[in-house]
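Chain identifiers are assigned alphabetically (A, B, ...) following the order of the sequence lines, protein sequences preceding nucleic acid strands; residue numbering begins at 1 within each chain. As the structure is a prediction and not an experimental result, all values here were calculated from the model.
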Protein chains: 2
Amino acid sequence: MDKIKILVTDDHPMVLEGMQTMLSQIGFVIITGLARNAYEAMELIKANPPHIVITDISMPEISGIEFAAKVRNEYPGVKIIAMSTFNERSYISQMVQNGASGYILKSASKEEIEEAILTVYEGKLYMSVELELNKKEQQEINKIPILTSREKEVLALIAEGFTNPQIAAKLFVSPYTVDSHRKNLLTKFEVNNTAGLIKLAARYGLV
Amino acid sequence: MDKIKILVTDDHPMVLEGMQTMLSQIGFVIITGLARNAYEAMELIKANPPHIVITDISMPEISGIEFAAKVRNEYPGVKIIAMSTFNERSYISQMVQNGASGYILKSASKEEIEEAILTVYEGKLYMSVELELNKKEQQEINKIPILTSREKEVLALIAEGFTNPQIAAKLFVSPYTVDSHRKNLLTKFEVNNTAGLIKLAARYGLV
DNA sequence: GAAAAAATCACCTGAAAGGGGGATTGACCA
DNA sequence: TGGTCAATCCCCCTTTCAGGTGATTTTTTC
């Protein structure tokens, strides 16, 4: 098997060092780059596309969430593993929403990182065992609907309390269009009214 | 000034030890009890009502949130300071909702605990400076509406996606009554539809 | 025991949302 | 170049919601 190419992005030098050390101890992995921010990372990905990008979630300028969206958009083949110090479920949801395939804590052991890389490399979803997520919650994350960008816009405006006509005016489209998006949202979330929709969206960190 | 009587509740013996040491260094404070859970705490409160209860949020069996509600209900004069390791805004909201007057982190310094006790003793609201809450967020917490128990029930059911008639059936009351509660919720949250209501309720950790 | 708060019920109105159905256009993609 | 998807638009009908106004009863509080 060829070595799995990994790029790591984190704004803390200490974490980069630590990851480098740990990854270098994993035989089937080769580090193609270490970046301190999303810009550097994009350059390095362009120069030498890795299989997997491991990125911190909270970074200045461009957050890991935006970065993930950018990577998925421009390099759909590149898998993303999100990394954070905290156990924030809403972040997990957002990362998954934006294309992440894995989620680990910075306190993860070498073994766990190894497992995460292998799992994600095989195209599966990896969630840190230390995230106190039970089976049920994992299933829940797997069923977070994928929304189109327009749907996200409409969802955000619904959550703000705007009505269909108001949203239509803001987006310069027909109220019928907004209504269609709204109905699609209800279908995707498998709920039958706005209350259920917003509750789920809030739980998943989408609003 | 008489000494301020304090009772501490936490399921971690280490924390109890630490609090005891710290509190004993504060001149105007006297510890009336150390409890490892809500049951013990209720007994101790009954035997010798303190001015302030400092309680951990996450405890087995009865959480700090339920415990706070119980204390406020049975001993309205007793002030509550919530304590946790995490900076979870939704917990803060829930504690405030259930009667807490203060919120500190377990990493708080002696000085901070001292300040928290004094502030709460004077009937004011104290929020740990280490909680990275800006002024705006503090104001936001101050304006979380206080809901009646019936309103909380109705809110929860609305969030579940039930309609007024369905909720009425569940609660064995008239749909008109549910409608009244719903309207009061909209008024209290200062929103004009369900979407805004659920979004705020979710942000405040009420659903 | 009076006052305040919470919970209950009622009606009217118009606006909005929910549940169906369908149609068109353009983009991307295999 | 046919297929899928996103985004747009349209109409039907029924239910629910939101805003207003007012009332009674029970519980809590002082």
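- At whole-Å resolution of the value, CD in A/Gln166 and P in C/dA15 are 13 Å apart.
- Note: NZ (A/Lys188) to C1' (C/dG19) measures 19 Å, nearest angstrom.
- Counting to the nearest Å, the P atom of C/dA17 and the CG atom of A/Leu186 are 11 Å from each other.
- Environment of CD in B/Glu40: crowded, with over 12 heavy atoms of neighbouring residues, nucleotides or ligands closer than 6.0 Å.
- The base of D/dC9 is paired with the side chain of A/Ser180 by a donor and an acceptor separated by under 3.5 Å.
- Rounded to a whole Å, the CG atom of A/Asn184 is 11 Å from the P atom of D/dT8.
- Taking atom CZ of residue A/Arg150 and atom C1' of nucleotide C/dT25, one finds them 15 Å apart after rounding to whole Å.
- Counting only distance, with no hydrogens or angles, the side chain of A/Thr32 and the backbone of A/Ile6 share a donor-acceptor pair below 3.5 Å.
- When all heavy atoms of B/Val78 and B/Pro50 are compared, the pair lying nearest together is CG2-O, 3.5 Å.
- Comparing C/dT8, C/dG19, D/dA7 by their nearest atom to the side chain of A/Thr148 picks out D/dA7.
- Of the side-chain N and O atoms in A/Tyr176, none sit less than 4.0 angstrom from OP1 or OP2 of D/dT8.
- When each of D/dC9, D/dA18, C/dA7 is scored by its nearest atom to the side-chain atoms of B/Asn193, the top-ranked nucleotide is D/dA18.
- Within the 4.0 Å cut-off from OP1 or OP2 of D/dT8, at least one side-chain nitrogen or oxygen of A/His181 is found.
- Residue A/Asn164 contributes atom CG, which lies 4 Å from atom P of C/dA17 at whole-angstrom precision.
- Between the side chains of A/Arg150 and A/Thr177, not a single donor N or O lies within less than 3.5 Å of an accepting N or O.
- For B/Lys170 and B/Phe162, the positive end sits near the middle of the six-membered ring, less than 6.0 Å away and at most 45° from its axis.
- Within 4.0 Å (heavy atoms only), B/Thr177 reaches at least one base atom of the nucleic acid.
- Regarding B/Leu155, its CG atom lies at a distance of 17 Å from the C1' atom of C/dA6, rounded to whole Å.
- For the pair B/Leu171 CG and C/dA6 P, the interatomic distance rounds to 18 Å; values are reported in whole Å.
- Not a single donor-acceptor pair, N or O on each side, falls under 3.5 Å between the base of C/dG18 and the side chain of A/Lys183.
- Each of B/Asn192 and A/Val173 was matched to the nucleotide of DNA chain D holding its nearest heavy atom; the match closer to the 5' end belongs to A/Val173.
- Judged by closest nucleotide on DNA chain D, A/Ile146 is the one of A/Ile146 and B/Thr194 placed further toward the 5' end.
- Listed candidates were C/dA17, D/dT8, D/dT16. Nearest to the side chain of B/Thr163 is D/dT16.
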